[in-house]
Structure formats: structure tokens, C-alpha cells
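Numbered from 1 within each chain, the chains take letters A, B, ... in sequence-line order. Note that the structure is a prediction, hence the values are computed from the model and not measured.
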Protein chains: 2
Amino acid sequence: MTTSRELHRKWMKDPKYAKAYTDLAPEFAVARAVIEARVLAGLTQEELAERMDTTQSSIARLESGRARPSTDTLERLAVATGTNLKISFTSKHS
Amino acid sequence: MTTSRELHRKWMKDPKYAKAYTDLAPEFAVARAVIEARVLAGLTQEELAERMDTTQSSIARLESGRARPSTDTLERLAVATGTNLKISFTSKHS
DNA sequence: TTTCTTCATACCATATATGCTATAAAATGA
DNA sequence: TCATTTTATAGCATATATGGTATGAAGAAA
């Protein structure tokens, strides 16, 4: 069986994936989550864009960290990747 | 007088109703997280608004479910309530 | 080299989120 | 009841996110 962890290890060999996953600053956590959701779904930016009824450039913008996406966009991305969007405010001390 | 809003508030005390409600309306799950973060921080809408450098009416709009807030707004709310914002796309099958 | 694929980026028009003001409703306490 | 605080909502101006288009870079494979 292939777990997401194994897939992650495999994809970490991809320089772009590895850079996206490890080098991005904390404030780009959303961008990282977007990249991970798309890659785990096995989609290219163009394919994801089609499912979200938008364009490849918009997806690239999301993944670059230059965007502050709305929850509407995030929810559409969740539908397109077959995932559930989770948003929470967690305590810093527990 | 019994309004639908009052009925909703009453029924939201039922966990099953609450879950079904938020599952069908993702934007209200965000609204609920916002309300929870503010109340746990012990803040009024006005006090939270001041910390976020915005207005009470904007907070009310966030909590009403009528908004699709940007991640910028959510980040500022996390800072104002002393929490960490977590956004993730979780698998539906695990 | 060329071709193809994928991703990144710039620019602009438009849709939407946000801030602001005012007001009203609702809750809270006396 | 009354007074006060807190929250909800409407209208509007503006800031920002998004869609669309075009273009270019990097890599893979021939």
C-alpha cells in the first residue's frame, strides 16, 4: 500500500517539490497546503485550474505565496482535489 | 415570536444538527471557528475589531457566515486572538 | 538543436472582500 | 420597566482577489 508519507518521500526527490515543501517561510503555509493538495491529487496546475473553472496562472499565483486567497477559492480547491477544507484557530500553548 | 433564527440557535445545541448544518454550509464552519476564537479569547466584537484594526460591523459580518474571508483577514484574526491559523486539505477517506 | 510539457510571471479588467457610517435589534443588568 | 452593552444589518466607497491573456523559463525527450 502506498501512503501519503511514502509519496511525500518520493516526491521530495523532485527539487521543485522539495523546495516548495521545506524552504517556504511559515507565512506561506497556505501555498504549501495548496501544492500538497494538488500533487496528492495527481493533478497539474492546468488540470486543477479546469476543475476549479479558472486558469493555470491563477493556480500558479496561489502556489507562489503571492496571493491571500479567499475561503471561496480554498473551498473550490478542496472540491477539485477531493478533500475537505479545514480552517481552525489553535491554541499556541497546548 | 419564534423566528427561524431562534429555532436555528436552539437546534444548533444538538450536535447532530450542528454537524449536518456545518457540513452543508462550509462558510458557516469558518464563521463558527471565528466566533469560537473570539469568545475563547474573552473579547467582544468591538475589542477584536480594534485589535484587527477594523470595525465591529466587519467582525459581525465574519461571524454571520455572509463573508468569504481572505486568508489575510484570518491571519490577522489569529494574531488578535493569540492563536495559530491552520488551513489544511484533509483526505475524505482516512 | 527542436518540440513538448509544466510552471512562473506580468498586465489589465472586473468581481468580490473589506472598511466605514449609521442604525436597529438583541442581550444584559438594574 | 429602563439603561447600557453587545451584536446584527444596510448602503456605499475603496482595496484586493480573481479571471483572462500573453509570454517566458526550465526541464525532458527526441
In whole Å, I'd like the distance from the CG atom of A:Asp53 to the C1' atom of D:dG20.
12 Å

Is there a side-chain polar atom (N or O) of A:Ser70 under 4.0 Å from OP1 or OP2 of D:dT18?
yes

Compare every heavy atom of A:Ala80 with every heavy atom of A:Leu48, then report the nearest pair and how far apart it is.
CD1-CB, 3.6 Å

Using OP1 and OP2 only, check whether a side-chain N or O of B:Ser64 sits under 4.0 Å from D:dA8.
no

What's the verdict on side-chain hydrogen bond (donor to acceptor under 3.5 Å, both in side chains) for A:Gln56 and A:Gln45, showing C-alpha distance, side-chain angles and the deciding distance?
CA-CA 5 Å; A:Gln56 177 268 328; A:Gln45 290 183 347; 2.8 Å; yes

Is A:Ser58 touching bases, backbone alone, or none of the nucleic acid, heavy atoms closer than 4.0 Å?
base

Between B:Gln56 and A:Arg66, the residue closer to the 5' end of DNA chain D by nearest nucleotide is B:Gln56

To the nearest Å, how far apart are B:Asp72 CG and C:dT18 P?
8 Å

Between CD of A:Glu63 and P of D:dA17 the distance, given in whole Å, is 17 Å

To the nearest angstrom, the CD-C1' distance between B:Glu46 and C:dG19 comes to 13 Å

Electrostatic pair B:Glu47-B:Arg38, nearest N-O below 4.0 angstrom
no

Using a cut-off of less than 4.0 Å, is there contact between a side-chain N or O of B:Arg61 and OP1 or OP2 of C:dG19?
no

Atom CG of B:Leu48 and atom P of C:dT18: how far apart are they, to the nearest Å?
13 Å

Pick the closest DNA chain C nucleotide for A:Ala60 and for B:Leu74 by heavy atoms, then say which residue is nearer the 5' end.
A:Ala60

With nearest nucleotide decided by heavy atoms, which residue, A:Pro69 or B:Ser57, maps closer to the 5′ end of DNA chain D?
B:Ser57

What is the minimum heavy-atom distance between A:Ala78 and A:Asn84, and which atoms define it?
CB-C, 4.3 Å

Determine the contact category for A:Thr44: base if any of its heavy atoms lies under 4.0 Å from a base atom, sugar-phosphate if only primed atoms, P, OP1 or OP2 are that close, otherwise nothing.
sugar-phosphate

For B:Gln45 and D:dT9, give me the distance from atom CD to atom P, rounded to whole Å.
10 Å

Can you confirm whether more than 12 heavy atoms, excluding those of A:Arg76, are under 6.0 Å from its CZ atom?
yes

Write down the distance between CD1 (A:Ile59) and P (D:dG19), rounded to a whole number of angstrom.
8 Å

Within the structure shown, what part of the strands sits under 4.0 Å from A:Arg68 by heavy-atom distance: base, sugar-phosphate, or nothing?
sugar-phosphate

Using whole Å, report how far CZ of A:Arg76 lies from P of D:dG19.
5 Å

